[in-house]
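Read the structure below first, then the notes.
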Amino acid sequence: MEGHTPDHELVRQTLAGDIQAFEMIVERHQQTVYRILYRLLRNKQEAEDIAQEAFLRCYRHLGKYDQDRPFAPWLYQVATNLALSRLRHLVKHQSVSWDACDHRFSETQATETGWQTGLPTREGPSRSLDPAAAWEKREARSEIIQALRSLKPPDQLIIILRYFEELSYEEIAYVMQTRRNIVEVRLFRARQRLRNIPALQQEWGNAQCHHQDGGVTACTPVRK
Amino acid sequence: MYTCKEISKLLDLYTDGELDEQRRLLAETHLQGCHLCSRLVRLREEEARLIRSDDPVPALSPGFTRQVMASLGPVMRSPAQGQWLFSLRKSLARPWLAPALAGLVLLAAVSYAASLHLITASPKQVALQNSQSGSQAQPQLTLPGSMTFSAEGGKAASDNSSLNKQELTGAVAPKTPADSGEADRVASSRNVTPVAQAISPTNATSPTVDGASDAQTPAAGSMPDTGTPVPPLLSLAPRQNSLEALEQQGYTVFQPGYLPSGYTFDHYSLLPGGSDSAQNTDPLTGKEHILLSYRNIMSGALLTLEIQALANPAPPPQIVSNANATGSQQTGANRIARQIQKLGHYFMLQVTGTISPDELQIVADSVSAY
């Protein structure tokens, strides 16, 4: 029953005073909200605290929610605003640079606490790689993660919402309270930074193709 | 069909599923025939997979929902309470609403100010209105904080000449409300302003004539609508910058560029008519005169410059520059009167002072627009 009740209906019921409906909202969205917050904050406790605060605010201000728009992005907006404010506060009061915000969670911690991937991957990590290949793969991933964490939090958020939550540009724009074309530009720039990782440059270069009579005759990979 | 270069720019949008239908079909057509571009698409997908696959997130603590619901306890009020506010805000969020509201507020403010007689037509506007309507002059002069009196200034249109005569002298004897019952009375009005701060607020014997259509109603109830005529008054507002305020209200102010030794600007006043009875015969509009007074700080002697706007329907095309030294000896003072034009309007300037005619001539020659 819970899974079949649309968000709008739950919101309507909550507004009518049904607290159980709001509990269903929390159940439904808590994992996503928490994942987004965790990836931004890199701290489990802070992510949980802010997620809780986000649901609290969501409840308080549910009357302000525009029911003509999807509910989840609005909830993400509330949560990510809190997280970005928190990061700004850290930068301002603890002399932490944006870039330093990423070193708050180590791979060791992840191993200790156990972890879950954001969304089910299409292919899933291969378990049949030989040790050398696995090492290379791990190196490449490490570089990607470092590059991700070197982005400014708003750009990180765009990457998180696009890659992990697979939100459309329009939805990302709603979450970030900006325009779609701004999202497109920021996402492009964030990707450019990610693609500057030395080990991956040649992989992600472009091809130069030759055309004849309107068709493609030959393409040559371009190594950066 | 797209070229590889074009495809390379659209790859991200393509893999993100953000291309519109037409561009997506064109891209797919290219990708079917270009194995390297297809490979780039696969690399993009691999890139996305890499980014997604290795970002561990610790599990959310069990009991999170319970914590959230428990935290709602202190604020367990219906969130619908804020809904009306949001609905209001949403309904107010219309681009045309803010300017419209601003306009209404402005209109209300202007109406309110007008009701308090804080804003009236400038003398030029009044002159224009009068010339258009063909009625007798109904000068208005109101400044902020003015005390306004009302009385009847005339009987019928046929009495205009005598009415004007009365007005120009500033010696209009206001009639009592009982006298004002004539059907065709022509209201004439004049507000003595505190510019002419010489008028004491308690001076109940200094009425002016209210130009409102309802001449019966005193604008300021505390002041009687009967009393003695307004004498030519001198202002107690010696501030030079008040001349600027006068200018801003549409009055044209002239000042002498030359003053005899010892003379400084003392004050100005607005006169409801000519400064003496001789003015009553002038073809003037009856518009308020501006009287600028300069005082000799040593001897206390006064030098005055009286400025009167003319509503001459056929003004002389050029400035009348010949001084007309009359040598008035009323108070042992000399007077020079001249007509001067500025911006298509004509003014009668009279310089009066107890200085020699030659020096008075110099002062008169030096008069120019403020």
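Bear in mind that the values here come from a model prediction, so they are computed numbers and not experimental data. Lettering follows sequence order; numbering is per chain, from 1.
- Here the CD atom belonging to B/Q67 is positioned 8.5 Å from the CG atom belonging to A/D49, to the nearest 0.5 angstrom.
- Contact check for B/T65 versus A/F55: no side-chain heavy atoms found under the 4.5 Å cut-off.
- Nearest heavy atom pair, residue B/D16 against residue A/R162, reads OD1-NE, 3.0 Å.
- Using a 4.5 Å heavy-atom threshold, the side chains of B/R44 and A/R191 count as separate.
- The line from CD of A/E48 to CG of B/L60 is 5.0 Å long, rounded to the nearest 0.5 Å.
- Taking the side chain as every heavy atom from C-beta outward, A/Y163 and B/E47 approach each other to under 4.5 Å.
- The heavy-atom pair separating A/Y34 from B/A59 by the smallest distance is OH-O, 3.8 Å.
- To the nearest 0.5 Å, the span separating OG on B/S71 from CD on A/E53 amounts to 8.0 Å.
- Side-chain contact between A/F22 and B/M69 is present, with at least one heavy-atom pair separated by less than 4.5 Å.
- In this structure, the portion of A/E184 lying under 4.5 Å from any heavy atom of chain B is its side chain and not its backbone.
- For the atom pair CZ (A/F164) and CD1 (B/I51), the distance works out to 7.0 Å, reported to the nearest 0.5 Å.
- Taking every heavy atom of both residues into account, B/F64 and A/Q52 meet most closely at CZ-N, 3.7 Å.
- In this structure, chain B has heavy atoms under 4.5 Å from both the backbone and the side chain of A/A51.
- Of all heavy-atom pairs spanning B/P58 and A/Y38, the tightest one is CD-CZ, 3.2 Å.
- Salt bridge annotation for B/D12-A/R195: present, with a cationic side-chain nitrogen under 4.0 angstrom from a carboxylate oxygen.
- Contact annotation: the side chain of A/R180 approaches that of B/E18 to within less than 4.5 Å [non-hydrogen atoms, C-beta and beyond].
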